[in-house]
Amino acid sequence: MERTLSIIKPDATRRSITGKINSMIEEAGLCIIAQKRILLSELEAEEFYGVHKERPFFRDLVKFITSGPVVVQVLEAENAISLYRKTMGATNPKEAEVGTIREAHAESIEANSVHGSDSAENAIKEINFFFEEKEIVG
Ligand code: GDP
């Protein structure tokens, strides 16, 4: 079994589609083993997205991710990391496959509704960023 970190982003919480996204996650065979709704501070967002700090859209990304509540989650499945990336669809919703979360719900390349860890190493880092082990019930 593998774990990955998911974030339901502010564009989705604002439109009250957390439940719809969770249905797509569960239908894909991913089990939601931890979940909480939080508001990220600017400092937390800068740290979380630290790998992107040289990219031109970094300030916009920090502004967006702190613009409203997010739902952070730990998902578990066999090959959870790649399974969730496939379930999310491409970063740009215009390029996302039909049936993916971003194709169905994302507003733009920035407001693209969900985040999912992109490697085993980052999944562990990102899960530890938001959760204590006792909050995760597999
Ligand atoms: P992901 O792994 O599919 O989420 O994509 P990346 O790691 O490349 O980018 C992280 C996040 O930054 C994306 O999910 C978007 O919210 C945002 N992002 C990516 N590319 C762009 C862009 O060209 N412009 C803006 N404004 N945001 C972007």
Side-chain angles (χ1 to χ4, degrees):
M1 280 305 213
E2 188 174 69
R3 291 174 176 183
T4 191
L5 182 92
S6 162
I7 305 178
I8 300 180
K9 296 183 180 180
D11 65 287
T13 60
R14 198 174 290 124
R15 287 175 286 148
S16 296
I17 55 171
T18 298
K20 284 184 183 158
I21 291 173
N22 276 351
S23 290
M24 293 178 83
I25 288 170
E26 291 183 334
E27 275 159 24
L30 290 147
C31 189
I32 302 165
I33 60 170
Q35 175 168 265
K36 58 188 170 190
R37 179 174 159 109
I38 58 171
L39 194 57
L40 283 175
S41 70
E42 196 176 333
L43 265 180
E44 286 169 326
E46 285 170 353
E47 190 183 339
F48 182 78
Y49 278 127
V51 291
H52 296 307
K53 67 174 177 289
E54 304 304 333
R55 294 172 83 171
F57 56 83
F58 179 67
R59 288 315 327 162
D60 287 340
L61 182 56
V62 168
K63 200 169 164 198
F64 163 64
I65 205 73
T66 58
S67 68
V70 295
V71 176
V72 291
Q73 312 173 303
V74 181
L75 310 182
E76 188 175 71
E78 256 177 56
N79 303 313
I81 296 165
S82 61
L83 176 57
Y84 190 45
R85 299 284 300 182
K86 193 161 173 270
T87 306
M88 292 195 307
T91 310
N92 184 348
K94 288 183 187 145
E95 290 161 13
E97 268 181 53
V98 174
T100 61
I101 295 171
R102 284 167 167 170
E103 183 271 334
H105 296 300
E107 294 180 324
S108 67
I109 192 167
E110 177 181 86
N112 59 5
S113 303
V114 281
H115 165 88
S117 309
D118 64 2
S119 68
E121 195 190 341
N122 284 340
I124 291 167
K125 266 193 220 157
E126 292 177 2
I127 290 168
N128 290 337
F129 188 85
F130 289 111
F131 291 96
E132 290 179 41
E133 194 54 42
K134 68 178 184 211
E135 295 177 294
I136 306 169
V137 185

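This one's a predicted model, so the numbers in the text were calculated from it and none came from an experiment. The figures here come from the full heavy-atom set of this structure, side chains too, leaving out hydrogens, waters and symmetry mates. Note that ligands are numbered from 1 as they come in the structure, with each ligand's atoms numbered from 1 the same way.
Among all non-hydrogen protein atoms, the one lying nearest atom 15 (C) of ligand 1 is Ile109 O, 3.2 Å. Distance from atom 13 (C) of ligand 1 to its nearest protein heavy atom, with residue and atom name: Asn112 ND2, 3.6 Å. Given atom 25 (C) of ligand 1, the protein heavy atom at minimum distance is Phe57 CB, 3.5 Å. Taking atom 16 (O) of ligand 1 as the reference point, the nearest protein heavy-atom neighbour is Glu110 O, 2.8 Å. Atom 9 (O) of ligand 1 has His52 NE2, 3.8 Å as its closest protein atom, hydrogens excluded (heavy atom only). Closest protein heavy atom to atom 1 (P) of ligand 1: Thr91 OG1, 3.6 Å. Nearest non-hydrogen protein atom to atom 4 (O) of ligand 1 is Arg102 NH2, 3.1 Å. Counting protein heavy atoms only, atom 17 (C) of ligand 1 is closest to Leu61 CD1, 3.7 Å.
Residues Phe58 and Tyr49 share a closest heavy-atom pair of CE1-O, 3.4 Å. When all heavy atoms of Met24 and Ala104 are compared, the closest pair comes out as CE-CB, 4.2 Å. Nearest heavy-atom pair, Gln35 versus Gln73, reported as atom, atom and distance to 0.1 Å: OE1-NE2, 2.7 Å. Nearest heavy atoms, Val70 versus Lys9: CG1-CA, 4.2 Å.
Residues Leu61 and Phe48 fail the side-chain proximity criterion, which asks for heavy atoms closer than 4.5 Å.
For ligand 1, the polar-atom distance check against Lys9 finds a nitrogen or oxygen pair separated by under 3.5 Å.
Between the choices Met88, Arg85, His115, the shortest heavy-atom distance to atom 2 (O) of ligand 1 belongs to Arg85.
Looking at Thr18, Thr13, Asp11 one by one, the single match for side chain to side chain donor-acceptor pair (under 3.5 Å) with Arg15 turns out to be Asp11.
For ligand 1, the atoms closer than 4.0 angstrom to any heavy atom of Arg55 are 8 (O).
Relative ring orientation between Phe57 and His52 is described as tilted, the plane-to-plane angle lying within the 30° to 60° band.
Neither the backbone nor the side chain of Arg59 comes within contact range of ligand 1; no heavy atom lies under 4.0 Å.
For the residue pair Ser67 and Arg14, a side-chain donor N or O sits within less than 3.5 Å of a side-chain acceptor on the partner.
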